[in-house]
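One structure is given here, and the rest of the page talks about it.
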There are 2 protein chains.
Amino acid sequence: MEDNTNGKKINMKALAKVLNLSTATISKALRDSYDISEQTKARVKEAADRLNYVANPHASSLRKHLSNTIAIVIPEIADSFFSQVINGIESIAGKEKYHFLIYLTHDSYEREVSILNEFTSGRVDGVLISVASNTSDTAHISKLQQAGIPIVFFDRDCAQLPAASVTTDDFNSAYLATNHLVEQGCKKISLITVQGYVSIFSSREEGYRKALMEHAIVSGSSDIVYCANKYTDGNITLISEHMASARPDGLLLTVEHLATSAYLACHQMKLRIPQDIKIVCFTNQITAPVLDPPLTTILQPAFEMGQKAVGLLFEYLSHNYIKLEEEHFVLPSRLVTRESTGN
Amino acid sequence: MEDNTNGKKINMKALAKVLNLSTATISKALRDSYDISEQTKARVKEAADRLNYVANPHASSLRKHLSNTIAIVIPEIADSFFSQVINGIESIAGKEKYHFLIYLTHDSYEREVSILNEFTSGRVDGVLISVASNTSDTAHISKLQQAGIPIVFFDRDCAQLPAASVTTDDFNSAYLATNHLVEQGCKKISLITVQGYVSIFSSREEGYRKALMEHAIVSGSSDIVYCANKYTDGNITLISEHMASARPDGLLLTVEHLATSAYLACHQMKLRIPQDIKIVCFTNQITAPVLDPPLTTILQPAFEMGQKAVGLLFEYLSHNYIKLEEEHFVLPSRLVTRESTGN
DNA sequence: GTTATTTACTTAAACGTTTAAGTAAATAAA
DNA sequence: TTTATTTACTTAAACGTTTAAGTAAATAAC
């Protein structure tokens, strides 16, 4: 191979020297500038290919004030919903040659703040975020917006903020799911959820309440159990104790990992699903149909939400001049009934 | 607020002007250089904090030839194993103030090649990769190594390459799992797996074969089913057809998503697990204990593998001068027996 | 009291791109 | 034939850091 590079990493200057051209010409040729002859473009591209030239993204980002990178900020990654969202984002961002950095808040407001604060540095061109469940003060988000970094919320938004959002119809889904439990004969339905300020949890709670109200089922705060928002034995205990004391005949679970906990609790207490207790859960786990018994789920359009969120961001970034703060999309979730609510 | 910045993004030059210092002093003060007085350091840090100064990472990376970013290249993300690995990586990388870019190959060799080729640009300081199952030509990986980018393989390595690896004992796990099936009374055990060049699949296949051999169970190629490496209805059909024709009484499944497919196939065919057929699967799904019936699994130390892999990379990057190509770690997986192999 | 060393800074170049502005040669317009 | 325009480049500055090298003032050594 006569490539004159001795295995050293090649940069634009070296490439220019090889071709007897200026770096400006190389740069423009590679970006297909009208300013460069077709012949030269071909020569440059051939040489770049042959010598494995790849432009240094830091130099490029520094000069252009564009990173071609977006940040995805989520509470957890070991969750079917979030990983499917990432798949959706990747399906679009990958094609557009965008890179994405992932940040996990572990559902902690403090981490979220320190993660977002760093984004004023120009590291990313935009942010897709699903906020921590205990995020109520949104100053860190406003600060980012004021710094000119576009933000799109998905799933968990901060309703009080003027920002783009892609969510699902949590209120209605919870309402329909609760109705379904009532229709299947439940008289005492408990909500197993997570404490948090974000709207998805309050919406799900309100949907649940509305359904109960409409069926004249009295429910008090003792029918709601607040669990930790991660998979722990503690949650199993919480649910067991609740079932022992409140003796519900229906459960609405608002997060994925609660399905396993609730099932284990039922198995431990020898409660038969659905005969003794019926269960619905918000989850995208593919194992739902093979659980014991198959689980009735509220299936969220995770992949599509990811696509839509990143699509909005790209539309903004490509200067199609949409106003992000006016973009709000609510994609429908679907109640998939299975044996866990059958009879 | 008298911050002289009018809401514009502040850079080092602006900060220097505010403090009547040179940018060199600012830079050194923020990095705690011995060259700067404590008094000045305090002044600088206070002002930086107050004005929300965050250094531009592109400028910094360009100058230092360090990105403080690593790449994680995996086949899929909607998989408990990989998402737990990411959690492990994040648990270390997050603390070290490293950022990570995620790239999905969708198990395609071509995508893997084009993703890795880009890494010679200096975008990342190192790469953690689990190769695509059909990667046999490893030129793209060697090229990256020659360019001086450190690589650590996890789970799926390229055994022929001199590179660090963190794997689990696939051979032995498959061997033990198959033995377990035999001990539980299986006489005809099928392997449901995925076609691929990577060692995990061949190791699992060999472990399976060795166990059968030792028990003098004759097995032919008709006992092995090669599925697509993603969750599809096609796989369910493949498995059903195999069970109809080969009539196995035991199944060893080598990838997570096959558990759901196999269970559905059994349900459809009215085969009772474990009475008619016993099942073991390599999976980290938390729902394993609540499946119908609870699934015997080979649980991989995903989180620890992520930690170990990124730990090796950091040890190398911090110039502790370990030789990556000599680092090979094999972490043990654990057979967790449940009803799917009971009697 | 002169010289050497230390302290606490500053100056300026460099990292590898992109791009506005400039230019010489070729072509078109008058 | 002269002038205007177009083509295909080059020059040089800029992006925001880091750092080697330099320096003036203060302190220490002799």
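A note on names: the letters A, B, ... follow the listed sequences, proteins ahead of strands, and every chain is numbered from 1. Heavy atoms only: backbone and side chains are in, while hydrogens, waters and symmetry mates are out.
Ion pair A:Asp32/A:Lys45 flagged as a salt bridge, since at least one NZ, NE, NH1 or NH2 atom sits closer than 4.0 Å to an Asp/Glu carboxylate oxygen.
Checked by atom type and distance alone, the side chain of A:Ser60 never pairs as donor or acceptor with a backbone atom of A:Pro57 at under 3.5 Å. Panel note: side chain A:Ser67, backbone A:Ser61; no donor-acceptor pair is recorded below 3.5 Å. In terms of modelled atom types and a separation under 3.5 Å, the side chain of A:Arg43 and the main chain of A:Leu19 share a donor-acceptor contact.
Interface residues of residues 114-127 of chain A facing DNA chain D, ordered by number: none; criterion, heavy-atom separation under 4.0 Å. Within residues 33-44 of chain B, no residue places a heavy atom under 4.0 Å from DNA chain D.
More than 12 heavy atoms of other shown residues, nucleotides or ligands fall within 6.0 angstrom of atom CZ in A:Phe329. Counting non-hydrogen atoms of other residues, nucleotides and ligands closer than 6.0 Å to CD of A:Gln160 gives a total above 12.
Side-chain N/O atoms of A:Thr167 and A:Asp155 include no donor and acceptor closer than 3.5 Å.
A ring-centre distance under 6.0 Å is found for A:Phe119 and A:Tyr103.
When every heavy atom of A:Lys9 is checked against every heavy atom of B:Thr120, the shortest pair comes out as CD-O, 3.2 Å.
Across all strands shown, B:His58 has no heavy atoms under 4.0 Å from either base or sugar-phosphate atoms. Residue-level contact check: B:Ser60 touches the backbone only, with heavy atoms under 4.0 Å from sugar-phosphate atoms and none from bases.
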*asked:* Does B:Asn56 form a side-chain hydrogen bond (donor to acceptor under 3.5 Å, both in side chains) with A:Ser121? I'd like the steps, not just the answer.
replied: CA-CA 5 Å; B:Asn56 182 306; A:Ser121 66; over 6 Å; no
*Would B:Arg156 and B:Asp107 count as a salt bridge (charged side-chain N to carboxylate O under 4.0 Å, His left out) if you check the C-alpha gap in whole Å, the side-chain angles of each, and the deciding distance to 0.1 Å?*
CA-CA 11 Å; B:Arg156 305 169 169 202; B:Asp107 225 8; 3.1 Å; yes
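By the salt bridge (Lys or Arg N to Asp or Glu O under 4.0 Å) test, A:Glu118 is found to be paired with A:Arg123, residues two or more places apart in sequence or in another chain being considered. B:Tyr109 is linked by a ring-ring contact (aromatic ring centres under 6.0 Å, His included) to B:His140, counting only residues two or more places apart in sequence or in another chain.
Taking every nucleotide of DNA chain C with any atom under 4.0 Å from a non-hydrogen atom of chain A, the first and last of them, 5' to 3', are C:dG16 to C:dA21.
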*Dot-bracket for DNA chain D, 5' to 3', counting Watson-Crick or G-U wobble pairs under 3.5 Å, with [ ] for crossing pairs and | for inter-strand pairs?*
|||||||||||||||||||||||||||||.
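Annotation: of the two residues near DNA chain C, A:Thr25 and B:Ala59, the 5′-most nearest-nucleotide partner is B:Ala59.
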